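The analysis underlying the following values was restricted to heavy atoms, covering all of them including side chains, and did not include hydrogens, waters or symmetry mates. Predicted model only: the values in this text are computed from it and were never measured.
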Amino acid sequence: MHTVAVLLVEPVIGFDATIAPTCFGKADDEDGNPLYEVVTCSVTGDPVQSTNGYAIAPESDASVLARADTVVIPGTKCPPARASGELPDDLREALTLIRPGTRLVSICTGAFILAAAGLLDGRPVTTHWQAGADLHRLHPTVTLIDHVLYVDDGDILTSAGVASGIDLCLHIIRGDHGTAAAARVARYCVLPPAREGTHPQFVDRPVPARGEGSTAAARRWATENPAENLSVDRLARQSEMSVRTFNRRFREETGQTPGVWVQRLRLDHARELLERSDLSIDAVAERSGLGSSSSLRVHLRRDTGMPPAMYRRAFGRSVTGNVSRASGRSKR
């Protein structure tokens, strides 16, 4: 079983510390079998103080890092890492236990730990929008991508602050085990389908002002009818708005253009049909609104690196325990 080690670095951000254990711990196949072994750890195995006024007792010391397939580092206010870009000696030594090729994941300011260990040099990364300037100042060789939810760079994945760590974990589960597995976790967490990594960390007007309309009804209708004509004109009519107003309101509420949002909706629907049905590739393309098998092939290969038939073999309902290419491609 794929082992996920969650390394708690004191003082750990309490919310961040719970994200990976919750998401990966609730990931299972259609028969209810767990897809990951999740182990929380600290350098010594002793309880770790959080920033929220309580301590967390991990299950293991750092020795679990030596057998982990994925290592997750939640957000932390570790003084030397955040102030001077350095690591305590015992933490630096613990990180050397991680095997080459292990998938590394940071949530929020956990990126400061990976950067201080020299693991993010030359890599595209993100972190909480309030901490980005400090990360870049301390580690100028890191390629900081501001204002996105998460960055997937193969064997190293980084997320922005707080709830974006959930988006990243769902993204990883979706890549490892398919859309259906990630959707089950999202339902448990009472969340909508995961946001894309390029979604902004925040939008200026997430809630319409009093008296203004919302695009929520149009988005709900589109989700239920992906094969319909989902042009901006049609969606604007669903919202009883002008096209200009609809475009502006849509971006304010979602951080995306209608076209980008619709393309993601249709591709996710196609992936779910490939995983959970025996429909032909042509039928999947038609029902998801992508039109043709060639169009589906182009978009799916761009999104997952696989054509439809290969994706179905990897993530179809009769197949469990798959691990994605993300955990196998190493740049280190």
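- Atom OG of S292 is separated from atom CD1 of I281 by 12.0 Å, given to the nearest 0.5 angstrom.
- Listed for the R249 side chain is a donor-acceptor partner under 3.5 Å among the backbone atoms of G213.
- Under the 3.5 Å distance criterion, the side-chain polar atoms of S50 are matched with a main-chain donor or acceptor of Y54.
- Looking at S242 and T245, their side chains do bring a donor and an acceptor atom within 3.5 Å of each other.
- Side-chain heavy atoms closer than 4.5 Å link hydrophobic residues (I, L, V, M, F, W, Y) into clusters, and following such links, even through other members, never connects Y188 to V4.
- Ion pair R248/E253 not flagged as a salt bridge, since none of the NZ, NE, NH1 or NH2 atoms sits closer than 4.0 Å to an Asp/Glu carboxylate oxygen.
- Counting only heavy atoms from C-beta outward, the side chains of L279 and V284 approach each other to under 4.5 Å.
- Taking the charged nitrogens against the carboxylate oxygens, D134 and R82 have no contact shorter than 4.0 Å, which rules out a salt bridge.
- Taking CG of L104 as the start and CD1 of I98 as the end, the distance is 5.5 Å to the nearest 0.5 Å.
- Residues S42 and V48 share a closest heavy-atom pair of CB-CG2, 3.4 Å.
- When V6, T22, V72 are each tested for a side-chain contact (heavy atoms from CB on, under 4.5 Å) with V38, only one passes: V6.
- When all heavy atoms of P307 and R297 are compared, the closest pair comes out as CB-CG, 4.3 Å.
- A 6.0 Å sphere centred on CD of E240 holds no more than 12 heavy atoms belonging to other residues, nucleotides or ligands.
- To the nearest 0.5 Å, the span separating CG on L149 from CD1 on I166 amounts to 11.5 Å.
- Between H177 and F315, the distance from one ring center to the other does not fall under 6.0 angstrom.
- Within the 3.5 Å criterion, the main-chain N or O of C41 finds no donor-acceptor partner in the side chain of S60.
- When only modelled atom types and interatomic distance are considered, D46 and T44 share a side-chain donor-acceptor pair under 3.5 Å.
- Checked options E272, R266, R264; the residue passing with D268 is R264 (criterion: side-chain contact (heavy atoms from CB on, under 4.5 Å)).
- Minimum interatomic distance between S159 and L168 (heavy atoms only, all atoms of both residues): CB-CD2, 3.6 Å.
- Inter-residue side-chain proximity for R123 and V142 is flagged as unmet; no heavy-atom pair is nearer than 4.5 Å.
- Side-chain heavy atoms closer than 4.5 Å link hydrophobic residues (I, L, V, M, F, W, Y) into clusters, and following such links, even through other members, never connects I13 to W129.
- To the nearest 0.5 Å, atoms OG1 (T179) and CG (L274) are separated by 9.0 Å.
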Going through the checks in order, is the side-chain contact (heavy atoms from CB on, under 4.5 Å) test met by L7 and L91? CA-CA 10 Å; L7 177 60; L91 176 56; 4.0 Å; yes

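- You'll find the side chain of S288 stays beyond 4.5 Å of the side chain of R271, heavy atoms only.
- The backbone N or O of P80 sits less than 3.5 Å from a side-chain atom of S84, completing a donor-acceptor pair.
- Think of L265 as one node in a network of Ile, Leu, Val, Met, Phe, Trp and Tyr side chains linked at under 4.5 Å; its network also takes in W221, L230, V232, L235, M241, V243, F246, F250, W261, V262.
- Other residues, nucleotides and ligands place more than 12 heavy atoms under 6.0 Å from the CG atom of N229.
- Side-chain contact, D61 with S63: a donor N or O sits under 3.5 Å from an acceptor N or O.
- Side chain of D121 to backbone of T141: no donor-acceptor contact under 3.5 angstrom is found.
- Side-chain atoms of S164 come within 3.5 Å of backbone atoms of G161 as a donor-acceptor pair (strictly under, hydrogens ignored).
- Here the closest non-hydrogen pair linking R99 and D69 is NH2-OD1, 3.3 Å.
- For T254 (side chain) and R251 (main-chain N/O), no donor-acceptor pair under 3.5 Å exists by modelled atom type.
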Verdict with supporting geometry, E30 and R276, salt bridge (Lys or Arg N to Asp or Glu O under 4.0 Å): CA-CA 10 Å; E30 291 188 339; R276 303 176 68 88; 3.2 Å; yes

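- Surrounding CD of E228 are more than 12 heavy atoms belonging to other residues, nucleotides or ligands, all under 6.0 Å away.
- Looking at D28, its side chain never comes within 3.5 Å of a backbone N or O of N33 through a donor-acceptor pair.
- The closest donor-acceptor contact from the side chain of T158 to the backbone of T126 lies under 3.5 Å.
- Salt bridge annotation for K77-E10: absent, with no cationic side-chain nitrogen under 4.0 angstrom from a carboxylate oxygen.
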Please step through side-chain contact (heavy atoms from CB on, under 4.5 Å) for the pair H299 and Q263, ending with a clear verdict. CA-CA 9 Å; H299 289 295; Q263 192 64 41; 3.3 Å; yes

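- Across all non-hydrogen atoms, the minimal contact from R312 to D278 is NH2-C, 4.0 Å.
- Looking at heavy atoms from C-beta onward, L267 lies in side-chain contact with L300 at the 4.5 angstrom threshold.
- Residue T304 holds its OG1 atom at 9.5 Å from CZ of R174, rounded to the nearest 0.5 Å.
- D152 and H171 share a donor-acceptor pair across their side chains, judged by distance under 3.5 Å alone.
- Between the side chains of Y311 and E275, at least one donor N or O sits under 3.5 Å from an acceptor N or O.
- More than 12 heavy atoms of other residues, nucleotides or ligands sit less than 6.0 Å from atom CZ of R137.
- Taking CZ of F24 as the reference point, atom CG of D176 lies at 7.0 Å (rounded to 0.5 Å).
- Summarising the geometry of S277 relative to L273, their closest heavy-atom pair is OG-O, 2.6 Å, with the distance given to 0.1 Å.
- Residues V105 and L8 fall within the same hydrophobic cluster, defined by Ile, Leu, Val, Met, Phe, Trp and Tyr side chains chained together at heavy-atom separations under 4.5 Å.
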Using side-chain contact (heavy atoms from CB on, under 4.5 Å), reason through L138 and L135 one step at a time and then give a plain yes or no. CA-CA 5 Å; L138 293 171; L135 182 68; over 6 Å; no

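- Other residues sharing a hydrophobic cluster with V39 under the 4.5 Å side-chain heavy-atom criterion for ILVMFWY residues are V64.
- Remark: R184 does not engage D29 in a salt bridge, criterion side-chain N to carboxylate O under 4.0 Å.
- By the rule that hydrophobic residues join a cluster once side-chain heavy atoms approach within less than 4.5 Å of another member, L290 and V298 end up as members of separate clusters.
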Please evaluate residues T76 and F112 with respect to the criterion side-chain contact (heavy atoms from CB on, under 4.5 Å), reporting the C-alpha separation (whole Å), side-chain torsions for both, the decisive distance (0.1 Å), and the verdict. CA-CA 8 Å; T76 176; F112 282 78; 5.8 Å; no

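- Salt bridge R103/D155: absent, no basic N to carboxylate O contact under 4.0 Å.
- Annotation: Q49, atom CD; neighbour count of heavy atoms from other residues, nucleotides and ligands within 6.0 Å is above 12.
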